[in-house]
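Below you'll find the structure, written out as structure tokens, and then a few comments.
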Amino acid sequence: MRVIQLVPTLAGKDAIGNEITAINRILISEGFESLVFSFSVFRSVATDLNVCTNFTEADFRHDDIVIFHVATGSALSSLFYRLECTKIMIYHNITPPNYFEPYDLISARSCRFGLQQTRYLSEKPGFCFADSEWNKNDLRSMGYTCPIDVLPVVIPFDDYRIEPSPTVLNRFSNRNGTNLLFVGRIAPNKKYEDIIKVFACYKKRFDSNARLFLVGAYNSGGSYYISLLSYVAFLGVNDVYFTGSRSFDELIAYYSIADVLLCQSEHEGFCVPLIEAMLFDLPVVAYDSTAVGETLGGAGALLDTKDPLQTAAVVDRVVRDADLRAAMIQRGRARLKDFEYDTIKQTFVSKLEEFLRGCR
Amino acid sequence: MNANNDSIDIESVVKQVRLEIEKEHLPEEILAFEAIDPETSMLNVDNNYAFSQSVLDDRITECESVKMVDWYRDIEGNAISIFGKKLIRRLNMFLLDPLARDQTRFNDSILCVANQLCMRCEEQERRIVALQSEINELKNV
């Protein structure tokens, strides 16, 4: 039986790309013929993926199982709507457009379009996976009545066991001081301005040698990024590094040199960097919003306030209190077990089999 | 890591820290991000943030550390793939080695240009300071 994963854009090392690769391997190991249909393929995707970029509705058979990954608006939604085969959706969440409206009308439009399409598709899939309970509730609120199960994002832990980039290590290991980190594309829902506020307080009150690394792709001409640069200048805070998109060994080096992962994001369907931080024994201080608390699962310091001084004080406590730090690391390691490949594989296979049995 | 860590209630510690801060300090006054106008902030960036000596120094150091391009790469894999890759590497050596040398030469030149420009800027800054003091002296006369 053919299982086709349908995704608008397939990129090698992003969360959805990793998940598609992992699901592909699971499907093959379970005896399915596994294919990926995507209009555009970026960066180095796994070589074992059977990817098709040139396809039409006629390429789908009635006995196919189609798994549609939803994270933004796309022309594939209408194709998925029309298909008459067995349909499954994996919902990765769509950022509310209001976050983008002051800065980026194209992204705002794409998100709005994506939400409209997701609502429109509500009766089409026979079954859905959601990255988190938060995403599951989001689907329910959009009128999905089919069975929905939570399938956390598959994170290939083994890929992280490589040497960190010596260039980054050499460049930033030349002085003492706390290193704060956040990882993610520079987008307004991630609230980088709040991270900068906390950092400004932390530097002023607790550690003048501290540095802030913001690792993630940005649009250098984009008004959100420019506003952030301007904000840093207005606050007169030094040692803020917007690194841009970095290679995987560089990303690992930033995790290695960091003392705390600071997340102030207001909209996350899962938030992979929280898990990556646990993988590197890096304590997390995060604002409690959307799926953040659920993903952390008690393994980090969760705050219900955006007060920069209070958040900075918590960061300081995490840095200085060895017992607290050790407890957070210990809980992070325990939490990682919930995201191990075998655990997620078991969930995916059992739910898929259950759904297919019901279809027959 | 000892077993006592299990007894630490992270949530309580966070609450305690927040209470301590609320008691000890006044809330921090920080400019609101909303005060930054996306339409005009490019001007501020140009004026205030476009140049950073530390970023320049960091980047030049980084460039220095990676300017040498080596065509040779270590090979990983099983015995058969290692053999195949070694063969490909050997067959491509005649092409890759000169390319890597050319790239290294180019990187070296571009770094030299950057360093020369930095020195030129420093020289000009010193000259500006000297001229400014001369102007001040003349004004005082």
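The analysis underlying the following values was restricted to heavy atoms, covering all of them including side chains, and did not include hydrogens, waters or symmetry mates.
- Taken from CD1 in B:Ile30 to CZ in A:Phe234, the straight-line distance is 15.0 Å, to the nearest 0.5 Å.
- Of the listed residues (A:Thr305, A:Val318, A:Val285, A:Thr311), the greatest number of heavy-atom pairs within a distance under 4.5 Å of chain B belongs to A:Thr305.
- The 12-atom threshold is not exceeded at CD of A:Glu163, counting heavy atoms of other residues, nucleotides or ligands nearer than 6.0 Å.
- Open room surrounds CG on A:Asn176; 12 or fewer heavy atoms of other groups in view lie less than 6.0 Å from it.
- The pair B:Lys15-A:Asp304 does not count as a salt bridge, with every side-chain nitrogen at least 4.0 angstrom from each carboxylate oxygen.
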After noting the C-alpha distance and the side-chain angles of A:Arg317 and B:Val14, does the key distance pass the side chain to side chain contact (heavy atoms under 4.5 Å, CB included) rule? CA-CA 9 Å; A:Arg317 182 67 175 265; B:Val14 169; over 6 Å; no
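- Side chain of A:Tyr231 to main chain of B:Ala32: no donor-acceptor pair is present (N/O by atom type, distance under 3.5 Å, no hydrogens or angles).
- Neither the backbone nor the side chain of B:Glu11 comes within less than 4.5 Å of any heavy atom in chain A.
- Looking only at heavy-atom pairs under 4.5 Å with chain B, the residue among A:Asp321, A:Leu228, A:Leu302 that has the most is A:Leu228.
- The shortest heavy-atom contact between B:Ile8 and A:Asp323 is CD1-O, 3.3 Å.
- Taking the six-membered ring for Trp and thresholds of 30 and 60 degrees, B:Phe33 and A:Tyr224 have ring planes more than 60 degrees apart, a perpendicular arrangement.
- Counting non-hydrogen atoms of other residues, nucleotides and ligands closer than 6.0 Å to CD1 of A:Ile106 gives a total of 12 or fewer.
- The number of heavy atoms from other shown groups lying within 6.0 Å of CD1 (B:Ile80) does not exceed 12.
- Crowding of B:Glu123 atom CD: a count of heavy atoms from other residues, nucleotides or ligands under 6.0 Å exceeding 12.
- Nearest heavy atom pair, residue A:Ala301 against residue B:Ile10, reads CA-CG2, 3.9 Å.
- The shortest non-hydrogen separation linking B:Ile21 to A:Gln310 is CG2-CG, 3.8 Å.
- Few gaps surround NZ on A:Lys306; more than 12 heavy atoms of other groups in view lie less than 6.0 Å from it.
- Taking the salt bridge (charged side-chain N to carboxylate O under 4.0 Å, His left out) definition, one finds that A:Asp316 meets it with A:Arg320, sequence neighbours left out.
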